[in-house]
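Comments concern the structure below.
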Amino acid sequence: MYAYEATLYKTACLISNRKIKMVSEDQVIEECKKGKHKSFGMLYDKYAAKMMGVCFRYSKTKDEAEDVLQEGFIKVFQKIKSFEGKGSFEGWMRRIMVNTAINNYKANIKHYYHDDVDQDNNINLKTDDTLPFEFDDNVSKLQIVKLIQELPAGYQLVFNLYVIEGLTHQEIAEELEVSINTSKSQLYKARKWLRNKILENKKVDSYSQLKGL
Amino acid sequence: MKKYNNIDDLFKEQVSDFQINPSDKVWQNIESEFLKTNKTNMQRRVILALASLLLIIGSIFTWTLFNNNTEQDKLTIVTNNTEESNNAATINNINKETISSNTESTISTNKSISNNTANTESEISYKKSNNTNESIVNNTLNTEDYNNETEYKDKNHIDNYSNNFGINYLSAKSNYSIENNIAQLEINNSKEITVEEYLEKRKNLHFYTGASASIAMTYYTATTDQTTWSADLTYGLKLKQFYIESGVGFQKMKEEGIFQIDYKTNDSVGYYNKVVSFEVDPNNPNTITYKTQTTTVYDSIEHQLLKSPLYHYDYITIPIKFGYKFFQRDKFSISAETGIIYSLLTKTYIPTVTYDDSQSQLVEISNNTQQRVEHNIRLHIALRLNYNITKTISLSAQPEFTKYINSIYKEANTNNTKPYTMGIRFGILFDF
């Protein structure tokens, strides 16, 4: 929890008079609340990469992720006065990023391909998508995230919210203003799509190995 | 190969802490969008806070001084209305002092004085009792020791006081003048001096406040000239011939906008002779006679129309002016004044432009009006003609000229971006 993490850490080093001054996150947030520009920069430096990782999962391209990140950070800076320090600052920031990504999805929904799954009320969720399977350790995290990026937009959003953020179908349904069944079916299709994609990649890899490529 | 219970676990483990650095342009955009706006908002807030502070301090200052002045006025009025009774009180005080060290006969006489001084009969009673007067003299002399620390304040006041009651001997030596009565009499006396005398006396450092309104013509050069009006509350400090003045004001400006309307009409672009029929001359087969009809050709023609509706701009202004009074005769004075006026754009009213013509088709309405900057500074030069209608209140008329020092438009690369204004300001000033 943020309140308990308030010990000094290396948020940033302010080099003045050849001395390195350690600043706590608490201090940085308080300075941001006062509108100190330098502190906004320090906060950005600390969290930009992490939050970019979040935005990346919810976007189709790096440019789109950067747009979401930019909008998200502006919201964080604008609302930082409302942060009371009751929870983790990172969690609070992450929530803003996710909400920004959801809003971005809603704004661009007309550009995405729609798979109307409201009709799929009889989905059997106990398919082999929830069964154990093996995965190559050598695959980088970036490649895995890119798999999520390749998911159709609706699947991508539900998969991220359910699997990574840990929201329930009820919460997702309320957030995205869809039915619970829609959320469930989107998740089901996302899992199936990802498994197929991984298997496809495996086959390609095996073929490449056989060919000595 | 690593085994996962399900696909969710794989992604949860691999993706939860995924990090990737954004490009530098993200921070640059955040800086330009948020931090710049934040800075502007901060600047605006600081300026408004300063203006408000100035207004509040000025208001408190004005109220305090007005209040004091009102109390003095009340005191003067009270003194005028109850002059005799106050004086009677004075005599009572004298009597009380004398009682302590004098004979019974004096006491009885004093009683008669105090009873009678509440009306004009007091003088009669005084005149009738010579003995009593003597006793008062004695008593007064006795009390000299008691009051020997008190200075002889104002002989004239004592004379006035004494004359009112016909007790001449009191004016000679009595130190029994009570401070309040002296003060009251001083106020009475001060009323008798003329405005000119008062103005002559009031050459030292003092504050003043005022309100003014102005109307001016703004000469834009690029667009047509427009009227500008403003209203100000001012506070100032005068020192002999010099003064420094500030305050807060509201200014309303107008300027023509530039809107370009592109529309199309189906217009004639020419004509041709359409062959309707032809005839072959039977006698001369080589000759063919054509019958033609003139036909007009229409095409879609693009037109442009410029419209110049008025934009309105609201500003908050904070002037700092310095002046020198170089001429004064009686109640009239003339001062030369210069300074700078800071103005902050608070609101822009954008006019609505529509195009409605059944004979043509609207293509586009584009707004080419130059956007204004938020902060401006003007040079101010004026002559202040002042006329004192009372000792403290004066009216002023002020022909003034202002010239913008910085461009009023965001695109400062164009010419004629620093207009000037000429106008007149009328005000009322109150000197403390």
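A quick note: this is a predicted structure, and the numbers were derived from the prediction, not measured. Throughout, protein chains are lettered first and strands after them, A, B, ... in sequence-line order, and every chain is numbered starting at 1.
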Where do [X] and [Y] come nearest, in terms of heavy atoms and distance?
| X | Y | value |
| --- | --- | --- |
| A:Arg195 | B:Ile7 | N-CD1, 3.5 Å |
| B:Asn29 | A:Gln70 | ND2-OE1, 3.0 Å |
| A:Ile164 | B:Phe11 | CD1-O, 3.8 Å |

Practice prompt. Go through the steps to decide whether B:Phe18 and A:Ile144 satisfy the test side-chain contact (heavy atoms from CB on, under 4.5 Å), and finish with yes or no.
Written response: CA-CA 10 Å; B:Phe18 171 70; A:Ile144 298 170; over 6 Å; no

Worksheet entry | Straight-line distance of B:Ile30 CD1 to A:Phe73 CZ, nearest 0.5 Å |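 Answer rounded to 0.5 Å: 6.0 Å.
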
Worksheet item: Rounded to the nearest 0.5 Å, what separation is found between the CD atom of B:Gln19 and the CZ atom of A:Phe56?
Response: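 Those atoms lie 13.5 Å apart.
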
Worksheet item: Heavy-atom distance under 4.5 Å between the side chains of A:Asp63 and B:Lys25, does that happen here?
Response: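 Counting from C-beta outward, A:Asp63 and B:Lys25 do come under 4.5 Å.
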
Fill in: side-chain contact (heavy atoms from CB on, under 4.5 Å) between A:Tyr44 and B:Val26, intermediate numbers included
CA-CA 10 Å; A:Tyr44 178 83; B:Val26 177; 3.5 Å; yes

Discussion item. List the residues meeting side chain to side chain donor-acceptor pair (under 3.5 Å) with A:Lys81, not counting sequence neighbours, and say none if there are none.
Written reply: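 Applying side chain to side chain donor-acceptor pair (under 3.5 Å) to A:Lys81 gives none.
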
Item to complete: Kindly state each residue pair satisfying salt bridge (Lys or Arg N to Asp or Glu O under 4.0 Å) with at least one member in residues 246-263 of chain B, sequence neighbours excluded.
Response: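 Non-adjacent pairs meeting salt bridge (Lys or Arg N to Asp or Glu O under 4.0 Å): B:Lys252-B:Asp314, B:Glu255-B:Arg372.
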
Practice prompt. Answer yes or no: is there a donor N or O on one side and an acceptor on the other, between the side chain of A:Glu66 and the main chain of B:Ser23, under 3.5 Å?
Written response: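 It does hold such a pair.
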
Item to complete: Check step by step if side-chain contact (heavy atoms from CB on, under 4.5 Å) holds for B:Val15 and A:Arg57.
Response: CA-CA 8 Å; B:Val15 164; A:Arg57 283 191 280 114; 2.7 Å; yes

Practice prompt. May I ask you to check whether over 12 heavy atoms, not counting those of A:Lys146, lie within 6.0 Å of atom NZ?
Written response: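 No.
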
Discussion item. One pair to check against side-chain contact (heavy atoms from CB on, under 4.5 Å): B:Asp8 and A:Phe159. What are the steps and the verdict?
Written reply: CA-CA 9 Å; B:Asp8 289 6; A:Phe159 184 81; 4.1 Å; yes

Worksheet item: Given that the side chain runs from C-beta out, which part of A:Glu165 has a heavy atom under 4.5 Å from chain B: side chain, backbone, both or neither?
Response: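 Interface part for A:Glu165: neither.
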
Worksheet entry | Heavy-atom pair count under 4.5 Å with chain B, highest-scoring of A:Met51, A:Glu71, A:Lys62, A:Met52 |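 The answer is A:Met52.
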
Worksheet entry | Pair A:Lys50 + B:Asp17, salt bridge at N-O below 4.0 Å |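 Salt bridge absent between A:Lys50 and B:Asp17.
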
